[in-house]
Amino acid sequence: MIEVLCFAHVAEELKTRSYTMTAPITIAVLRTDLTARGVTGAERLMFAVNERYETDAYVVHDGDTVAVIPMVSGG
Amino acid sequence: MIEVLCFAHVAEELKTRSYTMTAPITIAVLRTDLTARGVTGAERLMFAVNERYETDAYVVHDGDTVAVIPMVSGG
Amino acid sequence: MNWYQVNEHPLDPMALYEGVRHRNVGAVVLFIGTVREMTGEKQTELLEYEAYVPMAEKMLQQIADEITMRWPGTLTAVHHRIGRLDIMEEAVVIATSSAHRADAYEANRYAIERIKEIVPIWKREHWTDGTEWMGDQKEQRPGRPKGVMT
Amino acid sequence: MNWYQVNEHPLDPMALYEGVRHRNVGAVVLFIGTVREMTGEKQTELLEYEAYVPMAEKMLQQIADEITMRWPGTLTAVHHRIGRLDIMEEAVVIATSSAHRADAYEANRYAIERIKEIVPIWKREHWTDGTEWMGDQKEQRPGRPKGVMT
């Protein structure tokens, strides 16, 4: 199992701050799944695994924490 | 008469913070006079008349205040 | 002082200033981002910031490390506030220090630009006519954010 | 607060920060110049600043006016200290504020560069091996300093 953390508009659209998925799974599949769950603009989301940015081909394993990261707007 | 104000190395070399000269006089003549008084690098000094920078051709008149301005180094 | 901090406490610019000073510093640059009321015709009532805190603090540390590589001897401290902020409150303070001013200025500017690229913090504008999560705009491209060092 | 001040009082960066803030400011940049101990192999014991005070304050005002012309809406405050300063003491504080960060950064950098061109303030280094008035170097050209606006 992996934990997927949600923030900002993603958390609002999913009405949750986290959910779980079965591993192993690629970020590309997580992205597709987010679209299926009704998240807008999933093709533009970024992802971090264990607090590091990773790209679509990355394989997430059991115990990893994935964060779905909309375009940041700090500062 | 005009008052000539001196700062930094100029004040030290002349051992005074001000002196007077007879007007009208150009800045070019004031510059030459400073060399005659023993100021080093007088060709590189700047001058302000009544707190405005002026160049060699400027004519200083009675009652004006001239400041001899070595290269600045504030900040 | 924590040098890289993301939390709900009001910011103290002087704490960061004091943190980056030492005997061989000749120049300190502080950037303070504050909540602005008007953006064109739109009026902000308050801002709300949310963060993925542990990763955000790690990314701030990474930005400071990038600065040390690019401008050796330059120190960087960054505090970012989250939660609800009123007009004029401080959202972010960046302090950079170095022997010479060029490094302190350039490093500081670099830090804020990098924060806006890689630090997982999100801003929601509470306009007088509605709310909006900022940043999820068409410029965004999938995958690694622009300029992430690997 | 006096916005353009040259005197012997210790500087208070937060006073300038508070001075340039208002509801439509999104970015404040502070530059703080401090007395550095080492310059290459040379060791500074203290610095001594001297100024032609009334003209120096007038030139600081002129620099702020130049900034307003180049970066409309940007506010600038500058305090410069004179007299004897120990290592780590503040010699100059420049605060700039604007709606957007680019203007605040650029205006601040512009201010310090202009101060070093036109503001009649002189620094004497007290090195461990002697004293030296800085600035009277071969780069200087007679007449109007580089970039003076007429």
Side-chain angles (χ1 to χ4, degrees), chain C residues 11-18 20-40 42-47 73 85-113 115-116 123 125 134, chain D residues 11-18 20-40 42-47 73 85-113 115-116 123 125 134:
Chain C
L11 300 178
D12 177 3
M14 287 309 279
L16 282 88
Y17 169 61
E18 294 298 340
V20 300
R21 294 176 73 190
H22 60 76
R23 291 177 72 81
N24 285 317
V25 161
V28 179
V29 174
L30 288 175
F31 173 83
I32 302 149
T34 57
V35 179
R36 186 181 66 234
E37 183 164 30
M38 300 305 298
T39 299
K42 289 183 90 71
Q43 185 178 2
T44 296
E45 288 185 330
L46 62 86
L47 286 188
L85 276 70
D86 290 327
I87 306 296
M88 285 187 73
E89 285 197 281
E90 291 93 353
V92 61
V93 178
I94 303 168
T96 50
S97 70
S98 64
H100 301 284
R101 68 187 181 282
D103 289 359
Y105 276 112
E106 289 165 22
N108 200 287
R109 186 74 189 267
Y110 178 85
I112 185 66
E113 302 304 333
I115 286 168
K116 289 171 177 289
K123 173 169 69 177
E125 285 274 3
M134 306 304 287
Chain D
L11 299 177
D12 177 3
M14 287 310 278
L16 283 87
Y17 169 60
E18 294 299 339
V20 300
R21 293 176 75 190
H22 60 75
R23 292 177 72 79
N24 285 318
V25 162
V28 179
V29 174
L30 288 175
F31 173 83
I32 302 149
T34 56
V35 179
R36 187 181 64 235
E37 183 165 30
M38 299 306 296
T39 298
K42 290 183 88 72
Q43 185 177 4
T44 296
E45 288 185 332
L46 60 85
L47 286 188
L85 275 70
D86 290 326
I87 306 297
M88 286 188 72
E89 285 198 281
E90 291 92 355
V92 61
V93 178
I94 303 169
T96 51
S97 71
S98 64
H100 301 284
R101 67 186 182 282
D103 289 359
Y105 276 112
E106 290 165 22
N108 200 287
R109 186 75 189 266
Y110 178 85
I112 186 65
E113 302 304 332
I115 286 167
K116 288 170 177 289
K123 173 169 68 178
E125 285 272 4
M134 306 305 287

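Just so we're on the same page: letters track the sequence lines, and every chain starts at 1.
Taking non-hydrogen atoms and a 4.5 Å limit, the residue list of residues 88-95 of chain C in contact with chain D, ordered by number, reads C/Met88, C/Glu89, C/Glu90.
Nearest heavy-atom pair across D/Ile87 and D/Glu37 is CD1-CA, 3.7 Å.
Side chains of C/Ile115 and C/Phe31 form no contact here, defined as non-hydrogen atoms less than 4.5 Å apart. By the 4.5 Å heavy-atom criterion applied to side chains, C/Glu106 and C/Arg109 are not counted as neighbours. Side-chain contact between D/Tyr17 and D/Asp12: absent, with no pair of heavy atoms (C-beta onward) separated by less than 4.5 Å. Between D/Arg101 and C/Glu113, some side-chain heavy-atom pair lies under the 4.5 Å cut-off.
Under the 3.5 Å distance criterion, the side-chain polar atoms of D/Asn108 are matched with a main-chain donor or acceptor of D/Val29.
If you measure heavy-atom distances from C/Val25 to chain D, the contacts under 4.5 Å come from both the backbone and the side chain.
The greatest number of non-hydrogen atom pairs below 4.5 Å with chain D, out of C/Thr39, C/Leu30, C/Thr96, is found for C/Leu30. Among C/Val35, C/Ile112, C/Thr44, the residue with the largest count of heavy-atom pairs under 4.5 Å with chain D is C/Ile112. The candidate with the highest count of non-hydrogen atom pairs below 4.5 Å against chain D, out of C/Ser97, C/Ala27, C/Ala104, is C/Ala27.
Atom CG of D/Leu16 and atom CG of D/Leu11 lie 8.0 Å apart (nearest 0.5 Å). If you take CG on C/Asn24 and NE2 on C/His22, they are separated by 6.5 Å, rounding to the nearest 0.5 Å.
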